[in-house]
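For clarity, every value in this text was computed on a predicted model and none was experimentally measured.
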Amino acid sequence: MASPPAAKRVIDQVSGWLRVFDDGSVDRTWTGPSEALPLMSSVPAHYSPIDGLSLVDLPGNPTLRFYLPSPPLLNPPILLHFHGGGFCISNFSWLMYHQFYSRLARSLPSIVVSVDLPLAPEHRLPAAYHAAFQALLRLRDATPLLSSQADLTRVFLIGDSSGANIVHELAAMAGRAEENEPGFWGPVKVSGGVAIHPGFVRSTRSASETRLEWQTPFLTLDMLDKFLALGLPEGQGKDHPYTCPMGVAAPPMEGLKMPPMMVVVAEKDLIRDTEMEYCEAMKKAGKEVEVFFQTDVGHSFYLNKSAVDEDEITGKRTEELILAIKDFVDRH
């Protein structure tokens, strides 16, 4: 009689979010506080408008979700959105993103296009960056679909946490493509980038990373260390250009062709100090960078719908964030 297969063994796990097994498989079942589960529920696409928006999924490589205002707007800008999750978790359809980006689409107003990103460790970087580049190509190639509904000369990249890393990298990639082949993106133009709480770090701890009281379910030191170890190319550390674009291993920022950037920084974010270091490096390199600094809140606070609805400060800061993004988009 054949022996039963050996049980899989957990070789790594991250703060209730993820478990990696010895056979290479990954389990992303949430094992943390049950009250967080609704934020991870998937919001289905719907063609019939709800609260003034239709959600239309365009399958492909990668799949795109369109937040389309109804009735249609006259030449609104497009926000190309990249979700966070340390390159390892979360999904573009989750309620935590839907509740914010649907509100943003209505408030600007704009068309938001959210990207279904590949996840590490099954798909380590640069897989997510390549998917982001393909997403921008899909916008360019969908011109007949979008040209009657949006202003393709006003595409803004926007991302949360690790998604904000993608904003920087994709902006640089798009700039290089345009320099190598003028007119490559026509008629699409990347008019700006909004990096919200970007995951820029160094291998050495910053002072803000020692503020353990600033840890939240959205970012702990365990998540910061392990997600990046699983997300970066094999054998690479935090000083890699993907997570430290201001470091010595990264291409000189002076040589990057970048659009105007808005970087959102939270006072109680564990990686606040290295986010500010990135901003200063970009400014020193002559890039146009606006810093929007918010007090009393932490990493990705605006994605916590319960806090946004029930906590006065979180709700107020979320409203301020939306207004600041609207102002940046309106000026560019």
Side-chain angles (χ1 to χ4, degrees), residues 28 30 36-85 89-119 128 131-152 154-164 166-167 170 188 194 196 218 300 302-309 318-319 321-322 325-326 329:
R28 293 183 174 84
W30 172 248
L37 274 173
L39 294 174
M40 301 164 219
S41 61
S42 182
V43 177
H46 52 83
Y47 288 86
S48 298
I50 298 176
D51 295 331
L53 287 176
S54 296
L55 289 187
V56 178
D57 288 349
L58 190 64
N61 182 26
T63 293
L64 305 178
R65 166 163 289 189
F66 289 76
Y67 292 70
L68 298 174
S70 181
L73 303 171
L74 180 63
N75 293 324
I78 295 175
L79 271 60
L80 185 60
H81 166 241
F82 307 101
H83 67 73
I89 59 168
S90 78
N91 185 271
F92 75 141
S93 69
W94 279 5
L95 176 65
M96 68 170 69
Y97 300 112
H98 174 81
Q99 59 89 24
F100 181 76
Y101 284 94
S102 60
R103 183 175 171 184
L104 194 61
R106 287 189 294 264
S107 297
L108 261 60
S110 67
I111 292 175
V112 172
V113 182
S114 195
V115 181
D116 187 15
L117 295 169
L119 300 178
F133 191 85
Q134 288 299 317
L136 191 56
L137 284 176
R138 293 202 75 192
L139 285 190
R140 182 198 68 178
D141 297 339
T143 298
L145 174 68
L146 288 174
S147 59
S148 62
Q149 301 188 52
D151 185 351
L152 295 172
R154 298 180 66 227
V155 174
F156 293 82
L157 312 178
I158 186 168
D160 324 279
S161 191
S162 58
I166 296 175
V167 167
L170 179 57
V188 165
V194 181
I196 309 177
F218 288 110
S300 296
Y302 57 96
L303 298 180
N304 186 344
K305 186 178 188 304
S306 296
V308 171
D309 293 342
T318 301
E319 178 65 24
L321 174 58
I322 289 172
I325 294 171
K326 175 177 170 56
V329 171

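- Rounding to the nearest 0.5 Å gives a distance of 12.5 Å between OG of Ser300 and NE2 of His83.
- Contact check for Asp160 versus Tyr302: side-chain heavy atoms found under the 4.5 Å cut-off.
- Summarising the geometry, atom CZ belonging to Phe156 is positioned 12.5 Å from atom CG belonging to Leu80; distances are rounded to the nearest 0.5 Å.
- Among all heavy-atom pairs drawn from Gln134 and Pro62, the shortest one is CB-CD, 3.7 Å.
- Residues Leu64 and Val115 are in side-chain contact: their nearest non-hydrogen atoms beyond the backbone lie under 4.5 Å apart.
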From CA spacing to verdict: side-chain contact (heavy atoms from CB on, under 4.5 Å), Tyr47, Val56: CA-CA 6 Å; Tyr47 288 86; Val56 178; 3.7 Å; yes
side-chain contact (heavy atoms from CB on, under 4.5 Å) assessment of Tyr67 paired with Arg106: CA-CA 9 Å; Tyr67 292 70; Arg106 287 189 294 264; over 6 Å; no
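- Within the model, atoms CG of Leu152 and CG of Leu139 stand 7.5 Å from one another, a figure rounded to the nearest 0.5 Å.
- Applying the salt bridge (charged side-chain N to carboxylate O under 4.0 Å, His left out) criterion to Asp116, with sequence neighbours excluded, gives no partner residue.
- Contact annotation: the side chain of Thr318 approaches that of Phe100 to within less than 4.5 Å [non-hydrogen atoms, C-beta and beyond].
- Counting only distance, with no hydrogens or angles, the side chain of Arg154 and the backbone of Val329 share a donor-acceptor pair below 3.5 Å.
- For Ile111 against Gln149, the heavy-atom pair with the smallest separation is CD1-O, 3.5 Å.
- Just one residue in the list Ser114, Ser102, Ser90 forms a side-chain hydrogen bond (donor to acceptor under 3.5 Å, both in side chains) with Tyr97, and that residue is Ser90.
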Under the criterion side-chain contact (heavy atoms from CB on, under 4.5 Å), I'd like the reasoning laid out for Val113 against Arg138: C-alpha separation, chi angles, the key distance, then a yes or no. CA-CA 11 Å; Val113 182; Arg138 293 202 75 192; over 6 Å; no
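- Counting only distance, with no hydrogens or angles, the side chain of Lys326 and the backbone of Leu108 share a donor-acceptor pair below 3.5 Å.
- Note that the CD1 atom of Ile325 and the CG atom of Leu104 stand 5.0 Å from one another [nearest 0.5 Å].
- The only option from Leu303, Val43, Leu37 that meets the side-chain contact (heavy atoms from CB on, under 4.5 Å) definition with Leu95 turns out to be Val43.
- Pro109 approaches Pro77 most closely through the heavy-atom pair O-CD, 3.7 Å.
- The OG1 atom of Thr63 sits 11.0 Å away from atom CG of Leu117, with the distance rounded to the nearest 0.5 Å.
- In plain terms, the two heavy atoms of Phe92 and Arg65 that are nearest each other are CE1-CB, 3.5 Å.
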Verdict with reasoning, Ile158 to Ile196, per side-chain contact (heavy atoms from CB on, under 4.5 Å): CA-CA 7 Å; Ile158 186 168; Ile196 309 177; 4.1 Å; yes
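- In terms of heavy atoms, Arg103 sits closest to Gln99 at CB-O, 3.5 Å.
- Considering only heavy atoms from C-beta on, Leu53 comes within 4.5 Å of Pro69 through its side chain.
- For the pair Leu170 and Phe82, the tightest heavy-atom approach, listed with the atom from each and the gap, is CD2-CZ, 3.5 Å.
- Between Leu68 atom CG and Ser110 atom OG the span is 10.5 Å, to the nearest 0.5 Å.
- Annotation: side chain of Val194 is not in contact with side chain of Leu79 (no heavy-atom distance under 4.5 Å).
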